[in-house]
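These numbers come from the heavy atoms of this one structure, side chains and all, not from hydrogens, waters or symmetry mates.
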Amino acid sequence: MEQCAIPKCQKCHAGDLVPLSDFGGQGAPIQYKAWVCTSPECGYNIKIRNGDIYINEPIMNGANSSRVRQNSMTQS
């Protein structure tokens, strides 16, 4: 396994920038799609989406209510 140094965040100088991976629309793995500061107070992030680079987009905590499945049965 290859050893790499994790860079310090250049915005806050307190956290580290850690790489995040994801899967593309066709299911192919995308390594290092985003880099995010480990300091919650900082929130610095850089992401690649459709070949474009986005810096400091809002970070969601994952508790997105729109992803909650609705019961398809009607109640009487």
Exercise. What's the shortest heavy-atom distance between Tyr32 and Ser21, and which atoms?
Worked result: N-OG, 3.4 Å

Seminar exercise, completed: Closest non-hydrogen contact found for Gln10 with His13 is O-NE2, 3.3 Å

Is there a path from [X] to [Y] through hydrophobic residues (I, L, V, M, F, W, Y) whose side chains come within less than 4.5 Å of each other?
X	Y	answer
Trp35	Ile53	yes
Ile55	Val18	no
Val36	Ile46	no

For this session: Go through the steps to decide whether Cys12 and Cys37 satisfy the test side-chain contact (heavy atoms from CB on, under 4.5 Å), and finish with yes or no.
Result: CA-CA 9 Å; Cys12 71; Cys37 180; 3.7 Å; yes

For this session: May I have all residue pairs that pass side chain to side chain donor-acceptor pair (under 3.5 Å) and include part of residues 47-57, sequence neighbours excluded?
Result: Arg49-Glu57

Exercise. Which distance, rounded to the nearest 0.5 Å, do you find between the CG of Leu17 and the NZ of Lys11?
Worked result: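 Leu17 atom CG to Lys11 atom NZ measures 11.0 Å (nearest 0.5 Å).
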
Exercise. Does the Thr38 side chain pair with the main chain of Asp16, one donor and one acceptor, at a distance under 3.5 Å?
Worked result: yes

